[in-house]
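One-based numbering, in listed order, for ligands and for the atoms of each. The first residue in the sequence is number 1, and the count goes up from there.
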Amino acid sequence: MIKAIRGMRDLLPPETSRWQWVEQVAREVFGLYGYREIRLPLLERTELFARSIGADTDIVGKEMYTFPDRKGDSLTLRPEATASVLRAVLENGLDKGAGVKKLYTLGPMFRYERPQKGRYRQFYQINCEAFGVDAPELDAEVILLLLDILTRLKLGEMRLLINSLGCPDCQVKFKAAMGLFLISREGLCEDCQRRRDTNPLRVLDCKSVHCKEILKDAPVIRDYLCPDCTAHFARVLAWLKRFGVAYEEQPKLVRGLDYYTRTAFEVVAAGLGAQDAVAGGGRYNGLSQALGGPLLPAIGFAIGEDRLLEVLPKDLGQENQFKVFLAALGEAARDRAFHLLQELRQRRVAAEMDLEGRSLKAQMTQADRSGATYAVIIGDRELEQGEALVRPMRAFSYKKGEGPKLTELPSGRIVENQERVALKDLTALLAARARE
Ligand code: AMP
């Protein structure tokens, strides 16, 4: 048997209905904040990521799925969305005009990382990107938007970690200080020894316990911020405070990508173990120019959907759809039921039936398993009388000799036992109940 590729998993029902629900909530909240969707190719020229994410990053250095196409051009499966969004914005002139431009996108990303719980090689992100405005109010709004989505999804315990990475001027000074600090330290991992020379800021991103220990008394970027960056950060924090957002300043927080400037943030959730970041983002004012575009201030975030779903309550977003199961006995009844089935669907009522002529008991078991709200039973006798038995199912388990119980409909209405309903009125009645 051919199996799925390591680190790439199938998302199966009923779990997929939780995913749909998360995405639906995210779309709704994006709408409230004035964002519109953009859909992008999964493949881009390798150069796009090499130029934007940074050659010293783990992503570009080790984790990209890069291959030549049939013409020999180097292509890469996108490891993140921001570079692609910005490429599309510049290519299609979406940056033109005054004011903020707001875009969101959902979909899979690909990174050749070591798979573990909460870390996959194909994983899914919900991405938010806002362009054209450098005001700290936008930083605050983007963070409020992120927290709004996570709160509406009922994510329990979460912490917002925040830092400022300054502008390129601040970063030059900080990197020099960090470089000096690192020269005198022994025992950095191989990667960090290299980063010390190429980009000392990246050392802060190292996962090695030993490097983390060395960095305990390393300089922090906050001490190297210019007055503008200091004021910007103070204003972002002031807004968060005014909106009652609890945040934790993390002077060593950097992001895994090189293009961040000023505000950088992460949301970590309880119950995720080592891979506890469910979302991360920040400002990337310099990215547009790095890609050959105009100066275009920008800020965004990515929610890791896989991890988010790991920690969200398991029963959320589960289908609670009004459904009907038609159980028919005998050929004539089955023919009639098949018509009713399509009629129900035309009336926007979810409906199913058995197509194999199985026993009533088997059909009722199937009705139960399907999560039907009602079973409609049509036998020869019912057919003759032009009626059907409508039996509430939700609290019903089919056992011989046991009568149906009281049942609560999704609307909260309690219905009693089964009813006899004229076949001619059946679909209208069920459609009305479905709308309750
Ligand atoms: P990043 O693009 O690295 O800033 O990541 C943003 C979010 O995507 C992280 O906070 C994670 O929740 C999620 N994420 C990143 N890499 C992976 C991965 N390999 N598997 C699952 N989720 C990931």
L182 vs V203, side chain to side chain contact (heavy atoms under 4.5 Å, CB included): CA-CA, chis, key distance, verdict = CA-CA 9 Å; L182 292 173; V203 175; 3.6 Å; yes

Can you find a heavy atom in the side chain of S164 that is under 4.5 Å from one in the side chain of R222?
-> no

Flag the pair F123 / R111 as yes when at least one side-chain heavy-atom distance between them is below 4.5 Å, and no otherwise.
-> yes

Just wondering, are more than 12 heavy atoms of other shown residues or ligands nearer than 6.0 Å to OH in Y33?
-> yes

Determine whether V254 and Y260 make a side-chain contact, defined as any pair of heavy atoms from C-beta on separated by less than 4.5 Å.
-> no

When you measure from the side chain of K101 to the backbone N and O of G97, does any donor-acceptor pair fall under 3.5 Å?
-> yes

Ligand 1: protein residues within heavy-atom distance under 4.0 Å = R111, E113, G118, R119, Y120, F123, Q125, R255, A277, V278, A279, A302, G304, R307

